[in-house]
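Single-structure report; data block below.
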Amino acid sequence: MSDNNPIGIFDSGIGGLTVFKEVSRMMPNEDILYLGDTARVPYGTRSAETVARYSFECTDFLMSRHVKVLVVACNTVSAISLSEIRDRVPVPVIGVIEPGARAAVTATKNKRIGVIGTEATIRSHAYFRAIKAIDETVEVSGLACPLFVPLVEEGWTEGDIARLVAEKYLAQLKNRDIDTIVLGCTHYPLLKEVIEEVMDCITIIDSAVETGKALKSVLAEGPLLKHSRESGTHKFFVTDSAEKFISVGERFLGREIRDIERVRL
Ligand code: DGL
């Protein structure tokens with residue numbers, strides 16, 4: 001695999017742009033292919049078997065485009081089928097759970113960490129296991145916040161509705177004495193300000209940032225970092241109409257999304 005091949009990133013939808021944003025910021029010369037399975041989002045409410053099947057289709061699509069590394073931006077997929085994806089492909093595969101878990105364990109002072117994510121991610125206990133594998137004395141409280149994903153997909157990331165929903169969910173974590181919270185879902189970094197306001201004085205771990213760092217070190221070790229200093233190209237693939245992806249995505253990225261194509265998996 002050549003170091004000039006693109007990085008492949010996939011998510012169930014638009015939320016993985018949080019990871020794309022960090023990766024393109026940290027490695028501006030890399031070419032990136034982003035696939036959002038917008039026709040089938042959300043994954044987080046589906047069975048493990050269905051999530052795995054969808055994720056293999058996303059994987060095969062990006063592999064057919066010769067990516068040099070695969071970033072599974074979706075927490076739900078990372079929680080359910082990461083090891084099967086690794087068995088399936090000959091390139092390094094980076095998930096979002098391990099980097100987030102590691103950063104949370106480093107950040108916590110009182111060894112009490114909260115993890116919020118989709119129902120499937122929380123049900124899988126993947127963060128619980130990843131955190132305990134690093135430090136088994138840490139206590140982990142998981143909480144599913146299913147309405148956060150449609151809020152973000154709708155572009156309602158601030159204002160009264162977002163705040164009320166966050167207050168309702170996060171009240172369940174407030175009496176747990178946690179000092180660190182992991183945003184264990186691609187979409188949640190877009191609600192970071194609201195979550196910060198509601199949780200007050202807590203360290204927030206954004207898996208997107210941590211995943212970008214993990215990717216960079218895997219590419220450096222490869223060695224697979226692209227040598228050219230020219231700006232990288234960014235191509236987006238979606239499985240449903242591109243319009244909503246473009247309007248929410250552009251607002252979030254603060255730039256135009258030009259090269260976008262609708263595909264069938
Ligand atoms: N990408 C998913 C995740 O990070 C959230 C959206 C969904 O449920 O598909 O868990």
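Both ligands and their constituent atoms are indexed starting at 1 by order of listing.
- Protein heavy atom closest to atom 10 (O) of ligand 1, with residue, atom name and distance, is T76 OG1, 2.6 Å.
- Summary of contacts: the protein heavy atom closest to atom 5 (C) of ligand 1 is C185 SG, 3.5 Å.
- Side-chain rings of F10 and Y34 stay apart, their centers remaining 6.0 Å or farther from each other.
- Using a 4.0 Å cut-off to heavy atoms of T118, the atoms of ligand 1 that qualify are 5 (C), 8 (O), 10 (O).
- Heavy atoms of G13 stay at 4.0 angstrom or farther from ligand 1.
- In this structure, Y169 has its ring center closer than 6.0 angstrom to the ring center of F148.
- When each atom of ligand 1 is checked for a heavy atom of Y43 under 4.0 Å away, the hits are 7 (C), 8 (O), 9 (O).
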(message) Using side-chain contact (heavy atoms from CB on, under 4.5 Å), reason through I14 and H187 one step at a time and then give a plain yes or no.
(response) CA-CA 8 Å; I14 201 160; H187 292 56; 4.2 Å; yes

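- Here CE of M199 is found 8.0 Å from CD1 of I204. Values are rounded to the nearest 0.5 Å.
- Atom CG of residue N4 and atom OG of residue S228 lie 7.0 Å apart, to the nearest 0.5 angstrom.
- In this structure, Y54 has its ring center under 6.0 Å from that of Y43.
- Interface atoms of ligand 1 facing D11, defined by a heavy-atom separation under 4.0 Å, are 1 (N).
- The ligand atoms of ligand 1 that sit less than 4.0 angstrom from a heavy atom of S12 are 1 (N), 2 (C), 6 (C), 7 (C), 9 (O).
- At a 4.0 Å heavy-atom cut-off, ligand 1 touches N75 through backbone and side chain alike.
- At a heavy-atom distance under 4.0 Å, only side-chain atoms of V41, from C-beta outward, approach ligand 1.
- Applying the side-chain hydrogen bond (donor to acceptor under 3.5 Å, both in side chains) test to every pair with at least one member in residues 6-30, sequence neighbours left out, gives these pairs: E22-R25, E30-K68.
- Every atom of ligand 1 is numbered from 1 in the order shown, and the set under 4.0 Å from a heavy atom of T186 is 1 (N), 2 (C), 3 (C), 4 (O), 5 (C).
- Taking only nitrogen or oxygen atoms, main chain and side chain alike, H187 does not reach within less than 3.5 Å of ligand 1.
- Of all protein heavy atoms, the one closest to atom 8 (O) of ligand 1 is G44 N, 2.8 Å.
- A cation-pi arrangement, defined by a distance under 6.0 Å to the six-membered ring centre and an angle within 45 degrees of its axis, is present between R88 and F56.
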